[in-house]
Amino acid sequence: MAAFSTSSGRPYHIIIFGASGFTGQFVVEEVARTASEGPKGSLKWAVAGRNRAKLEKVVEQAAGVLGKPELKSEVDVLVADVSDPDSLAAMCKQGVIVLSCVGPYRFFGEPVVKTCVENGAHCIDISGEPQFLESMQLNYHGQAAEKGVYIVGSCGFDSIPADMGVIYTRDQFKGTITAIESFLTANAGPEGGSIHDGTWQSAIYGLADGPKLRSLRKKFSHKPLPVVGAKIKRRGALFYSNEVQQYALPFMGSDPSVVKRTQRYLHEELNESPVQYGAYVGVGGISNIFKLVFAGLMFWFLVKFSFGRNLLIKFPEFFSFGYFSKDGPTRKQMEGSSFRFVFFGEGYTEDQDLSEGKPNGKIRTVVKGPEAGYVTTPIAMVQAAITMLNESDSLPKTGGVYTPGATFAKTTLIDRLNKHGIQFSVL
């Protein structure tokens, strides 16, 4: 098992790689904010990336935002580049956990995973790219298991609220839960909101590579998971949801695939009853529908061709009606934004025989929190790392490439998130 404690040769609990990127800067602030929650009340950490001057500027910015001038002298800066394997290896040898903030992960993520496995460092990322996440499982799970290294993907807004929300809902239900649907809604404050175009680029390449994802999944040779209770009904491409009182459509992100991988692990490794899952997102009223249909048709057409992808990448604000931008949201926009997941579950109560009749029990839970991309994501990522450092005995028995739910189902991660503003509750 790779170590979960620092040593003379591995001086840092956490190394934030890609710390000067748009999301990385907020991860730096979150680590600095929560350093007292590390093992024995302290956390030894460093920032890493290609450009020393930019990294120093990010640490200086965090020191100013948090009123902690000591960060400028206490936080070490490591220079490492995904195109320089020796620099990556030198970085990974020094950290217990590497927080990988270098997206799009399809281009920059694999060298980090590979080097972490080879050099005994655990790795957490915030990828929302199913093709990357599942290819890492296919290609590195065996090696990671041999080395006792934990590689945990999608530990940001994609997909901790959904994956841990399903586990929370299951654990709160008194009986055997069989199916859960989630509905996501997001709110922008008076200043509005936007998403940095790194996420936009990941979506472009992800949709363009859809056929590759399907062929990748065939390589796992998975057997279908057993269906307990009534088979979950798939909703239409666009429908009015009575659950959230607005129009909704299937969630196009990584949540459904991440949750399914978690349920497969819990069933095949821990012999737990698998939960069927459907994920949807609320999109508002009729005026939003027209925008969405127009943008969606343009997106689907352009993403098929290289010139179209180049146009989408060059002009994210135009093609997304301002939802995505090269600058990302301002801090004021982030302060006013929030998200809310509502989970609707059904199953058999404790006194009901699973082999007789339809599920007879229902449950409704909520996971809500601050702005999704750059407030919730850093909180989730950093709390995942702190949980690993403090509760290594509650992780899966062997290393490997895992989902958040598989990694943290038996830990106190949900309690930790509750204390940091990502709230799980029963309605």
Asks: Does Lys368, at its NZ atom, have more than 12 non-hydrogen atoms belonging to other residues, nucleotides or ligands within less than 6.0 Å?
Replies: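 No, not enclosed.
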Asks: Restricting to pairs with a member in residues 124-139, which pass salt bridge (charged side-chain N to carboxylate O under 4.0 Å, His left out), not counting sequence neighbours?
Replies: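 As it turns out, the salt bridge (charged side-chain N to carboxylate O under 4.0 Å, His left out) pairs with a partner in residues 124-139, which skip direct neighbours, are Arg106-Glu129, Glu134-Arg217.
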Asks: Hey, can you tell me if Phe26 and Tyr374 have their rings parallel, tilted or perpendicular (30° and 60° cut-offs)?
Replies: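 Ring orientation of Phe26 relative to Tyr374: tilted.
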Asks: Would you say His122's side chain and Tyr150's backbone share a donor-acceptor pair under 3.5 angstrom?
Replies: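 Yes, because the side chain of His122 sits within donor-acceptor range (under 3.5 Å) of the backbone of Tyr150.
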Asks: With Lys114, which residues qualify under salt bridge (charged side-chain N to carboxylate O under 4.0 Å, His left out), at least two apart?
Replies: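 Lys114 satisfies salt bridge (charged side-chain N to carboxylate O under 4.0 Å, His left out) with Glu118 only.
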Asks: When rounded to the nearest 0.5 angstrom, what distance separates CD in Gln245 from CZ in Phe183?
Replies: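 The CZ atom of Phe183 is 11.0 Å from CD of Gln245, to the nearest 0.5 Å.
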Asks: How about CZ on Arg309, more than 12 heavy atoms from neighbouring residues, nucleotides or ligands closer than 6.0 Å, or not?
Replies: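 Yes - once you tally the heavy atoms of other residues, nucleotides and ligands closer than 6.0 Å, there are more than 12.
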Asks: When rounded to the nearest 0.5 angstrom, what distance separates OG1 in Thr365 from CG in Asp171?
Replies: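 Nearest 0.5 Å value for the OG1-CG distance: 10.5 Å.
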Asks: I'd like to check the salt bridge (charged side-chain N to carboxylate O under 4.0 Å, His left out) partners of Glu37; sequence neighbours left out, ordered by chain and number.
Replies: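 None.
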Asks: Between the side chains of Tyr277 and Ser182, is a donor N or O closer than 3.5 angstrom to an acceptor N or O?
Replies: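 There is such a pair between these side chains.
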Asks: Less than 3.5 Å apart, which donor and acceptor atoms pair up between the side chains of residues 285-302 and the rest of the protein, not counting sequence neighbours?
Replies:
from   : atom 1 : to     : atom 2 : distance (Å)
Asn288 : ND2    : Val283 : O      : 2.9

Asks: Any sub-3.5 Å donor-acceptor pair from Gln143's side-chain atoms to Gly400's backbone N or O?
Replies: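 Side chain of Gln143 to backbone of Gly400: no pair is present.
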Asks: Assess the side chains of Asn360 and Thr349: does a donor N or O sit below 3.5 Å from an acceptor N or O?
Replies: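 The criterion, which ignores hydrogens and geometry beyond distance, is satisfied for Thr349 and Asn360.
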Asks: When you compare the side chain of Arg340 with that of Val342, does any pair of heavy atoms fall below 4.5 Å?
Replies: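 Touching, per the 4.5 Å side-chain cut-off.
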Asks: Minimum heavy-atom separation for Phe108 and Val112, please, with both atom names.
Replies: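 Shortest heavy-atom separation between Phe108 and Val112 comes out as O-CG2, 3.7 Å.
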Asks: Might you point out which heavy atoms bring Ala46 and Val75 nearest each other, and give the distance in Å?
Replies: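 It is CA-CG1, 4.2 Å.
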Asks: Please check if the distance between the ring centroids of Tyr265 and Tyr402 is under 6.0 Å.
Replies: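 Close enough - the centres of the two rings lie under 6.0 Å apart.
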Asks: Give, for atom CD1 of Ile379 and atom OG1 of Thr34, the distance between the pair rounded to the nearest 0.5 Å.
Replies: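 Reported to 0.5 Å precision, the distance equals 9.0 Å.
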Asks: Hydrogens and angles aside, do Thr411 and Ser394 bring a side-chain donor and acceptor to less than 3.5 Å of each other?
Replies: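 No, no side-chain donor-acceptor contact under 3.5 Å.
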Asks: Could you list the residues that satisfy ring-ring contact (aromatic ring centres under 6.0 Å, His included) with Phe107, not counting sequence neighbours?
Replies: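 For Phe107 the ring-ring contact (aromatic ring centres under 6.0 Å, His included) partners, ignoring immediate neighbours, are Tyr205.
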Asks: Centres of the Tyr168 and Phe343 rings: under 6.0 Å?
Replies: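 Ring centroids of Tyr168 and Phe343 are no less than 6.0 Å from each other.
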Asks: What salt bridge (charged side-chain N to carboxylate O under 4.0 Å, His left out) pairs are there with at least one residue in residues 252-265, not counting sequence neighbours?
Replies: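 The answer is Arg264-Glu268.
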Asks: Do Val82 and Phe17 make a side-chain contact, defined as non-hydrogen atoms from C-beta onward lying under 4.5 Å apart?
Replies: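 The answer is yes; the side chains approach within 4.5 Å.
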Asks: Under 6.0 Å between ring centres: does that hold for Phe324 and Phe319?
Replies: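 Distance test on ring centres: not under 6.0 Å, no.
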Asks: Shortest non-hydrogen contact from Gly328 to Ser194?
Replies: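 It is C-OG, 3.2 Å.
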Asks: Hey, what do you get for CD (Gln137) to CZ (Phe132), rounding to the nearest 0.5 Å?
Replies: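 Here the rounded value is 12.0 Å.
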Asks: Could you list all the salt bridge (charged side-chain N to carboxylate O under 4.0 Å, His left out) pairs where at least one residue sits in residues 349-366, not counting sequence neighbours?
Replies: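 Counting only pairs at least two positions apart or across chains, the salt bridge (charged side-chain N to carboxylate O under 4.0 Å, His left out) contacts touching residues 349-366 are Glu346-Lys362.
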Asks: Salt bridge (Lys or Arg N to Asp or Glu O under 4.0 Å), that's the test. Do Arg234 and Glu181 meet it? Break it down for me.
Replies: CA-CA 10 Å; Arg234 298 296 169 193; Glu181 288 183 319; over 6 Å; no
Asks: Got a donor-acceptor contact below 3.5 angstrom from the Asp158 side chain to the Ser154 backbone?
Replies: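 No.
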Asks: Ignoring hydrogens and angles, tell me if any N or O in the side chain of Thr377 forms a donor-acceptor pair with the backbone of Phe157 under 3.5 Å.
Replies: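 Yes, because the side chain of Thr377 sits within donor-acceptor range (under 3.5 Å) of the backbone of Phe157.
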Asks: Verify, without hydrogens or angle tests, whether Glu317 (side chain) and Gly322 (backbone) share a donor-acceptor contact under 3.5 angstrom.
Replies: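 Flag not set: sc Glu317 to bb Gly322 has no pair under 3.5 Å.
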Asks: Look at the side chain of Asp163 and the backbone N and O of Ser159, then say whether any donor-acceptor pair between them is shorter than 3.5 Å.
Replies: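 Absent.
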Asks: Considering residues, nucleotides and ligands other than Tyr247, do more than 12 of their heavy atoms fall under 6.0 Å from its OH?
Replies: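 For Tyr247, atom OH is not crowded (no more than 12 foreign heavy atoms under 6.0 Å).
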Asks: Which heavy atom of His196 sits nearest a heavy atom of Pro329, and at what distance?
Replies: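 Scanning both residues, the minimum pair turns out to be N-CD, 4.3 Å.
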Asks: Should the pair Phe239 and Tyr280 be assigned to parallel (<30°), tilted (30 to 60°) or perpendicular (>60°) ring geometry?
Replies: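 Perpendicular, since the angle between the ring planes exceeds 60°.
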Asks: Got a sec, which residues hit salt bridge (charged side-chain N to carboxylate O under 4.0 Å, His left out) with Lys57, two or more places apart in sequence or on another chain?
Replies: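 For Lys57 there are no salt bridge (charged side-chain N to carboxylate O under 4.0 Å, His left out) partners, ignoring immediate neighbours.
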Asks: Taking only residues at least two apart or on different chains, which pairs with a member in residues 414-427 satisfy salt bridge (charged side-chain N to carboxylate O under 4.0 Å, His left out)?
Replies: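 Listed by first then second residue: Glu391-Arg416.
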Asks: Could you pull out all residues at least two apart from Glu191 that satisfy side-chain contact (heavy atoms from CB on, under 4.5 Å)?
Replies: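 Glu191 satisfies side-chain contact (heavy atoms from CB on, under 4.5 Å) with Lys332, Gln333 only.
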Asks: Does any donor atom in the side chain of Ser83 or Asp81 lie under 3.5 Å from an acceptor atom in the other side chain?
Replies: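 Side-chain D/A pair, Ser83 to Asp81: present.
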Asks: Find the distance between CD1 (Ile363) and CG (Leu427) and round it off to the nearest 0.5 Å.
Replies: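 Ile363 atom CD1 to Leu427 atom CG measures 9.5 Å (nearest 0.5 Å).
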Asks: Show your working on side-chain contact (heavy atoms from CB on, under 4.5 Å) between Leu133 and Tyr105 and close with a plain yes or no.
Replies: CA-CA 9 Å; Leu133 294 163; Tyr105 287 88; over 6 Å; no
Asks: Less than 3.5 Å apart, any donor N or O on the side chain of Ser425 or Gln423 sitting next to an acceptor on the other?
Replies: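 Side chains of Ser425 and Gln423: no pair found under 3.5 Å.
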Asks: Taking the side chain from Glu272 and the backbone from His267, do they hold a donor-acceptor pair closer than 3.5 Å?
Replies: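 Judged by distance alone, no pair lies under 3.5 Å.
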Asks: Would you check, one step at a time, whether the test side-chain contact (heavy atoms from CB on, under 4.5 Å) holds for Gln276 with Ile180?
Replies: CA-CA 6 Å; Gln276 302 172 77; Ile180 294 173; over 6 Å; no
Asks: Could you go through Leu312 and Val303, starting from their C-alpha distance and side-chain angles, then the distance that decides it, and tell me whether this counts as side-chain contact (heavy atoms from CB on, under 4.5 Å)?
Replies: CA-CA 8 Å; Leu312 289 167; Val303 83; 4.3 Å; yes
Asks: I'd like to know if the side chain of His141 and the backbone of Val401 have a donor-acceptor N/O pair within less than 3.5 Å.
Replies: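 It does hold such a pair.
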Asks: For the residue pair Pro370 and Phe339, what are the closest heavy atoms and their distance?
Replies: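 Residues Pro370 and Phe339, closest heavy atoms: O-CD2, 3.2 Å.
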Asks: For Pro39, give me all partners under side-chain contact (heavy atoms from CB on, under 4.5 Å), at least two apart in sequence or on another chain.
Replies: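 If we apply the side-chain contact (heavy atoms from CB on, under 4.5 Å) test to Pro39, skipping adjacent residues, the hits are His13, Leu43, Leu389, Asn390.
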Asks: Please check this pair: side chain of Ser392 against backbone of Met388, looking for a donor-acceptor N/O pair closer than 3.5 Å.
Replies: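 Side chain of Ser392 to backbone of Met388: no pair is present.
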Asks: Only counting residues at least two apart or in another chain, list the ones meeting ring-ring contact (aromatic ring centres under 6.0 Å, His included) with Tyr140.
Replies: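 So Tyr140 forms no ring-ring contact (aromatic ring centres under 6.0 Å, His included) with any residue.
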Asks: Once you round to the nearest 0.5 Å, how far does CD1 of Ile414 lie from CD1 of Ile422?
Replies: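 Result: 11.0 Å between the selected atoms.
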Asks: I need the minimum non-hydrogen distance between Pro250 and Ala237, along with the two atoms involved.
Replies: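 Looking at all heavy atoms of both residues, the closest pair is CD-O, 3.3 Å.
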Asks: Just by modelled atom types, is the Val96 backbone N or O under 3.5 Å from a matching donor or acceptor in the Tyr12 side chain?
Replies: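 Not confirmed, Tyr12 side chain does not pair with Val96 backbone.
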